[in-house]
Amino acid sequence: MKRILVLIALLGPVCGLAAKTAAPSIVPAPQKIELNKGSFNMKGVAINCDPAMDHNALRAVRQLADRLTLVSGKLSEVASPIGLQRAVAKGKIKGLYFLQDDSIAPEGYKISVEPRATVVRASDFNGFYYALQTIRQMLPPAIYASEPAPGAAWRIPCCEIEDAPRFGYRGILLDCCRHFFSVEEVKKVLDVMAMYKLNRLHWHLTEDQGWRIEIDKYPKLTEIGAFRDYTIIKRDLNSSDGQRHGGYYTKDQIRDVVAYAQARGITIIPEVDMPGHMVAALASYPELGCAGSAPYKVLTYWGVSKQVLNVGKEETMRFLEDVCSEVADLFPGEYFNIGGDECPRDEWKTDPDCQAKIKELGLVSDENASAEARLQNYVTARMQKFLATKGKKIIGWDEILEGELAEGATVMSWRGTKGGIKAASMGYDVIMSPNIYCYLDHCQSTDLESEPYCITQKPERAVTLTKLYHYEPYDGMDPDSVHHILGVQGNLWTEFIGTNEYLEYMLLPRLLALSEVQWCKPENKDYDRFLLDLDGHELAILEKLGYNYRRPDEIKK
Ligand code: ACM
C-alpha cells in the first residue's frame with residue numbers, strides 16, 4: 001500500500017504495539033491509498049446519491065446515515081439530487097457524494113476525501129458496499145455500536161483511495177452439519193465476512209452426522225437425518241456426551257439467509273456432498289445403500305465412513321437429481337458444490353448394481369484410475385449435466401480430478417496445493433483452500449496445550465495467523481495457468497466446534513488475515529502493518545460487535 005504519510009511512531013518490534021500510524025486502519029488494505037492533510041467531518045453530513053445508483057446500494061448508504069445519526073447525535077440525511085454528476089464535475093460541492101461510475105471494475109471503488117467534500121464512485125452494488133465498509137473503518141469503532149458517542153471524532157482523513165479485489169472469489173466454508181448453528185449465528189458469520197469484503201459463503205449442508213436442509217420430496221432427510229442420538233467426546237469411540245444433537249433449516253429460513261447474504265454482497269453456494277458423506281441420507285432412506293451395508297445410523301463419531309450411496313441404482317441418481325433440483329431453486333448463484341471428497345469405493349466393488357453399472361458403461365481399471373473411480377466420474381458428469389439444466393456450474397473437491405473430469409467443472413483444492421496446481425494446468429478453474437494454510441478448524445497455535453481441543457493434534461499442522469497471512473495462492477504454479485485461480489477460501493469444519501463462542505474464536509481474527517490473502521496484491525500485504533491494524537482498531541471493532549476472537553500471540557493484552 002502506498003502510504004504518503006510516514007508512521008508517526010516507530011513500528012519497532014511488533015510486541016507491545018503501542019505505536020499508532022497516521023494511516024487509517026483498513027482491512028483488507030486497499031490497493032492504493034494516498035493520505036493528504038486535513039479531514040472531513042461526517043457528523044451531520046449531508047449525503048447525496050446518484051439517482052442512477054443501484055437501489056440496494058442506496059439502502060446501504062441510508063443505513064450508514066442512520067447509524068451516523070444515532071452515534072454522532074446529529075442528523076445525517078440522504079438525498080438523490082438530479083444533475084448530481086454535473087454538480088460534482090464543476091467542483092462546487094459540500095458533503096458526501098455517491099456517484100455511479102461504470103468505468104470502475106466490478107467490486108472496485110474510489111473514494112476522494114477533501115475537507116469540504118467526499119466523493120465515492122463505484123459501478124456495482126458490491127463496489128458501493130465495500131466503499132461503505134472502508135468509510136466505516138476510517139471512523140471510530142463506535143460506528144459499529146448502537147450507543148450514542150457524540151464526543152467521538154466523527155471525521156475521516158483526507159485521502160484518495162482506489163481499490164478493487166485481487167480475486168473475485170473470496171470465501172468461507174461453514175460446516176453446519178458436524179454441529180448445527182442457528183440462523184442468527186450464520187448471519188453473524190455473514191456480517192463479519194461482509195465487513196472484511198468476503199463475498200462467497202460455501203454452506204456445507206449435508207453430512208454423515210446430520211442433514212440440514214428441508215427437502216419436500218424426501219421429508220425423512222430432516223425427520224430422521226437431521227438428528228443424531230449423541231456425540232462422542234473428542235475421539236473416544238466408546239464415549240457419549242449423552243445429548244441428542246441436530247436441527248435443520250426450513251426452506252423459508254434458507255431464503256431468509258440467502259437474502260440477508262445478498263444484501264451484504266455475499267453469494268451463498270450450497271454443498272450437497274456426494275456420493276460419500278451421505279450416511280444421514282442413508283439412515284433416512286436405507287434403500288439407497290449398497291448390498292450388505294445396512295443398518296444405518298446418523299453418525300455419532302468423526303472420520304470417513306465406508307457407507308456410501310449405491311450409485312449403480314437409477315433410484316439413487318433420481319434421488320440426487322431431485323434433491324439438487326430443490327436445493328438449486330433456493331440459491332440464485334451460478335455455482336453448486338457437489339462435494340465428491342473422501343468417497344471410499346469398497347462397497348461398489350461388491351455391490352451387484354454398481355458392478356452392473358460399471359459393465360453397462362464399459363468402465364475399466366487402468367493405470368490412471370480404477371473402474372470404481374470412473375463410476376464416481378459418471379456421477380460427477382451426470383450431476384454436472386443435470387445442474388447445467390438448472391443454470392448451475394459445479395464445484396467439487398479435488399478428488400473429482402481422479403479419472404476423468406468434464407470441461408467446465410471448478411476444482412476446490414483442499415489436500416494441499418497440488419490438486420489446484422494440477423487442475424489449473426489442465427485448464428480447470430480452481431478455488432484454493434489448501435488444508436495446510438486455509439483450514440480454520442486447525443489449531444491457531446503450535447502450543448496445543450494452550451488451545452481448546454481442535455482437529456489437529458500435531459504442532460506442525462497448526463494454522464497460525466502468520467501462516468495463513470503469508471499464504472500465496474500462486475506459489476508453485478505455472479504463470480500461464482494462474483488466471484484459472486478464481487480465488488481462495490477458508491474452511492471452518494466443525495467436528496470439534498460445538499458452540500457459537502468457539503466458532504467465532506476459530507474464525508477470528510484469522511478471517512481478517514484471509515481477507516488480505518483474497519483481496520490484496522502481494523505487494524500491499526504487510527504483516528506488521530496488519531498487526532498494528534488489529535491492535536489499534538480491528539479487535540476493538542470485533543469487541544464492540546460482540547464477537548469472540550483469539551488474541552494474536554504477537555499482540556500483548
Ligand atoms: C475435506 O476437508 N474433506 C474437503
Side-chain angles (χ1 to χ4, degrees), residues 169 171-179 200-212 235 268-281 299 301-309 335-346 373 376-377 379-380 383 394-403 405 409-423 428-444 454-458 460-463 467-468 471 473 485-497 503 506-507 510 514:
Y169 186 113
I172 286 282
L173 171 144
L174 183 60
D175 170 10
C176 289
C177 300
R178 271 49 176 269
H179 282 97
R200 298 283 185 275
L201 179 74
H202 170 171
W203 205 0
H204 189 72
L205 288 165
T206 70
E207 251 309 335
D208 298 323
Q209 293 85 5
W211 186 279
R212 303 285 177 236
R235 291 167 200 271
I268 303 189
I269 299 168
E271 180 183 355
V272 175
D273 202 350
M274 65 184 82
H277 289 283
M278 272 281 174
V279 178
L299 291 195
Y301 55 90
W302 319 119
V304 176
S305 173
K306 281 199 177 322
Q307 294 182 309
V308 300
L309 287 177
Y335 287 105
F336 191 109
N337 194 310
I338 52 116
D341 59 322
E342 298 177 320
C343 177
R345 298 157 189 143
D346 309 317
Q376 183 170 346
N377 295 159
V379 177
T380 305
M383 294 313 295
I394 62 159
I395 302 173
W397 297 109
D398 56 45
E399 285 91 334
I400 65 172
L401 270 180
E402 291 163 17
L405 179 63
T410 295
V411 174
M412 192 162 259
S413 185
W414 75 276
R415 295 176 296 177
T417 57
K418 279 193 316 284
I421 293 170
K422 180 172 169 203
Y428 297 103
D429 283 345
V430 169
I431 297 153
M432 297 302 285
S433 59
N435 48 6
I436 43 175
Y437 298 103
C438 293
Y439 267 40
L440 303 176
D441 54 340
H442 289 208
C443 273
Q444 301 186 66
C454 69
I455 199 153
T456 45
Q457 289 303 311
K458 289 189 183 142
E460 65 274 19
R461 303 276 292 165
V463 173
K467 185 164 186 183
L468 172 51
Y471 171 49
I485 305 297
L486 303 183
V488 180
Q489 179 173 287
N491 293 345
L492 191 49
W493 301 105
T494 60
E495 281 93 335
F496 299 103
I497 301 177
L503 187 82
M506 295 302 266
L507 189 62
R510 286 188 292 190
L514 178 68

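For ligands, and for the atoms within them, numbers begin at 1 and follow the listed sequence. Here the structure is a predicted model, which means the values were calculated and not measured.
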*For Y439, counting its heavy atoms only, list the atoms of ligand 1 lying under 4.0 Å from any of them.*
1 (C), 2 (O), 4 (C)
*Those atoms of ligand 1 less than 4.0 Å from some heavy atom in E342*: 3 (N)
*Identify, for atom 3 (N) of ligand 1, the protein heavy atom at the shortest distance, and state residue, atom and that distance.*
D341 OD2, 2.7 Å
*Search all heavy atoms of A423 against all heavy atoms of V430 and return the closest pair with its distance.*
CB-CG2, 3.6 Å
*Work out which heavy atom in G419 is nearest to a heavy atom in D398; give both atom names and the distance.*
CA-CB, 4.3 Å
*For H277 and ligand 1, does the shortest N/O to N/O distance drop below 3.5 Å?*
no
*Please indicate whether any nitrogen or oxygen in W414 is less than 3.5 Å from any nitrogen or oxygen in ligand 1.*
no
*Ligand-side contact atoms (ligand 1) for residue partner W493, heavy atom cut-off under 4.0 Å*: 1 (C), 2 (O), 4 (C)
*Looking at the rings of H202 and W397, which for Trp means the six-membered one, are their centres under 6.0 Å apart?*
yes
*Please identify which atoms of ligand 1 are closer than 4.0 Å to at least one heavy atom of W397.*
4 (C)
*Is the shortest distance from a Lys or Arg side-chain nitrogen in E402 or R345 to a carboxylate oxygen in the other one below 4.0 Å?*
yes
_Criterion side chain to side chain contact (heavy atoms under 4.5 Å, CB included) on W493 and H442, from CA distance to verdict_ = CA-CA 9 Å; W493 301 105; H442 289 208; over 6 Å; no
*Over 12 non-hydrogen atoms of neighbours within 6.0 angstrom of NZ in K422*: no
